[in-house]
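Predicted model, so just to flag it, every value in this text is computed and none were measured.
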Protein chains: 2
Amino acid sequence: MSTRSWARSGGSTPSAGRWCISTTSAAFKRERALPRGVRDDEAVEATHPTDGVRTRVNPTASEAAELASDGVDRGALVTLFGRCTVDYEGRAASELGLGDRHVMLKPDGAALVHTDEGQQPVNWQPPGCEHDCRIDDQHLVVESHRSSPEESLVIRFSSVAHAAAFAADDPESLDVVGTEADLKERILSSPELVESGFRPLATERETPAGAVDIYGEDRDGRTVVLELKRRRVGPDAVGQLSRYVEALQRDLHADADVRGILVAPSVTERAEALLAEKGLEFVSLTPQGK
Amino acid sequence: MSTRSWARSGGSTPSAGRWCISTTSAAFKRERALPRGVRDDEAVEATHPTDGVRTRVNPTASEAAELASDGVDRGALVTLFGRCTVDYEGRAASELGLGDRHVMLKPDGAALVHTDEGQQPVNWQPPGCEHDCRIDDQHLVVESHRSSPEESLVIRFSSVAHAAAFAADDPESLDVVGTEADLKERILSSPELVESGFRPLATERETPAGAVDIYGEDRDGRTVVLELKRRRVGPDAVGQLSRYVEALQRDLHADADVRGILVAPSVTERAEALLAEKGLEFVSLTPQGK
DNA sequence: GCCTAGGTCCCGTTA
DNA sequence: TAACGGGGCCTAGGC
């Protein structure tokens, strides 16, 4: 998350200036210029350009383009809602006919097009793109482009119901618990959870087939490879573990005896069958102590 | 995409009514009640409740809660921008301190929290959740909850800079080109692209290890298994193909001779080595004819 | 830049 | 409902 959220990362066409250019705390940290609860009719963009929010309802194409362009230039988070078509071309290609969608342009170059359904955007562009907001044939057109790979997203509005630019200041980063990394820590601090006598020797140990999650020895000194998963696993995880075990067997000696243990909350039936076929083992553990 | 976008799919607390309840074309299809380009101060929510957009700049917590609750009830796409904390608990758990974020509540129950960076939301909830917007200790709190699995997302605002509700009508669905399905069609219509004499016999043929993309015979009548990938592949795809080949060898005869061919634009070095070790083959093909 | 693997992956399809 | 695999996956970490 950026602390200086209004700084443009895309870095093209440095323009007029940014909101709150000289202070780092930005709009939300200073005393509000407006009393709480002002209505749209009181909080016009023109009168409070440094408040961190600029909006327009039912703007003309030109007004929307100006607000969006200015917002992008200032490093704001820009949103548009309206009726549009979306065309994408790059690693794949797609077309989307007219419909009402929510468009978000982020200062890091990401672009998102959301319909009213689904967690995933219907179309998007990853961070690192250049956003271009222009008027084409009297309509607002937003284009988000990047090279390597060459990819372009073109959003053509037939009407814009809402346009907004937000100055975002977000100094915090997310702290997640319950990941595979937590499972790893749990095992490293309590190796006996895997089995009595297990001794971890390395994490991310490299093999010709890739890095092993945890590498160690059992009570009899036999090499043990652990593949960790934070949730119930299917056949893919078995294949992964199998590759590591086979690679290590080749790498150590031709006759090396390497045990492979899949550590996860549970396995599917097919995965269990594959484990049995390959002579691999399973230990049930969750990232949390539950 | 929904044609009746304002219909609530979550289906709880049926309330007052929906925008444009009796027509299916909604706000954007009818003649606009407002001239284009009206300013925020002219387009107040109270005066145009059926125009498909309701917004407030710097609302009080109560006003934001009312707008959001009403929007959710009416099946609108609701957005909030402001300073907030986010707590998630479910399959994993996370905490996020105070910062400026954009929150989107979709009528299908999806919730998205976006910072100014990244294509992915920093926190989210999948479709199927219930959104609850309330006042807690004079602050707006948005909670999105689901059971199976039990998961909850709680967003606590210290201030709301913008609140909006959009009626979204999106009859279109996305049409993508350049997928694995396109590669499959390409091969089925021109099997010789794989190799001269190749004859596809089935797609999605079931094996004990899963469904094979394309199942067929070579010019000598030997069984051939194709694993297709739309892009450059790594070790995982080799493992997948290997599982299918081994399963078929067991399934047909003990001494069955089954060829496995990975079809993709290209492979990584490690994947190539794994292919060689397992006696599998590679054919370079892209979904498009390029 | 590529490679490798994780993800609260999401998502569609099928049994 | 669970399972399985695709995805324009995205994202982080190495090299």
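Chain A approaches DNA chain C within less than 4.0 angstrom (heavy atoms of the protein), and the contacting nucleotides run 5' to 3' from C:dG1 to C:dC11.
The 5' end of DNA chain D is approached more closely, in terms of each residue's nearest nucleotide, by B:Ser148 than by the other of B:Ser148 and A:Val233.
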Show me the protein contacts with nucleotides 6-8 of chain D, counting only N or O atoms at under 3.5 Å.
residue, atom, partner, partner atom, Å
D:dG6, OP1, B:Glu227, OE2, 2.9
D:dG6, OP1, B:Lys229, NZ, 2.7
D:dG6, OP1, B:Gln240, NE2, 3.2
D:dG6, OP2, B:Lys229, NZ, 2.8
D:dG7, OP1, B:Glu180, N, 2.9
D:dG8, O3', B:Arg230, NH1, 3.4
D:dG8, O6, A:Asn123, ND2, 3.1
D:dG8, O6, A:Trp124, N, 2.8
D:dG8, O6, A:Trp124, O, 2.9
D:dG8, N1, A:Trp124, O, 2.3
D:dG8, N2, A:Arg91, NH2, 3.3
D:dG8, N2, A:Trp124, O, 3.4
D:dG8, N2, A:Gln125, OE1, 2.5
D:dG8, N2, A:Glu151, OE1, 3.3
D:dG8, N3, A:Tyr88, OH, 3.2
D:dG8, N3, A:Arg91, NH2, 2.9
D:dG8, N3, A:Glu151, OE2, 3.4

Interface polar pairs with nucleotides 12-15 of chain D, N/O, under 3.5 angstrom:
none

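When heavy atoms are screened at a 4.0 angstrom cut-off, B:Pro127 is found touching the sugar-phosphate backbone but no base atom.
Shown for residues 266-283 of chain B: residues whose heavy atoms fall under 4.0 angstrom of DNA chain C, namely B:Thr268, B:Arg270.
Listed by chain and number, the residues in a salt bridge (Lys or Arg N to Asp or Glu O under 4.0 Å) with A:Arg134 are A:Asp132, A:Glu143 (sequence neighbours excluded). Every residue two or more places apart in sequence or in another chain was checked for a side chain to side chain donor-acceptor pair (under 3.5 Å) with B:Asp236, and none qualifies. The side-chain contact (heavy atoms from CB on, under 4.5 Å) test applied to A:Ser148 returns no partner, not counting sequence neighbours. Partners of A:Leu188 according to the side-chain contact (heavy atoms from CB on, under 4.5 Å) rule, which considers only residues two or more places apart in sequence or in another chain, are A:Lys184, A:Glu185, A:Pro200, A:Thr203, A:Ile214. In this structure, the salt bridge (Lys or Arg N to Asp or Glu O under 4.0 Å) partners of A:Asp87, at least two apart in sequence or on a different chain, are A:Arg156. Contacts of B:His102 classified as ring-ring contact (aromatic ring centres under 6.0 Å, His included), with partners at least two apart in sequence or in another chain: A:His102.
Comparing C:dG7 with C:dC11, their C1' atoms are spaced 14 Å from each other, to the whole Å.
Among pairs with a residue in residues 225-250 of chain B, none fulfils ring pair (Phe, Tyr, Trp, His ring centres under 6.0 Å), at least two apart in sequence or across chains.
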Strand DNA chain D as a dot-bracket string - pairs counted if Watson-Crick or G-U with both distances under 3.5 Å, | where the partner lies in another strand: |||||||.|||||||
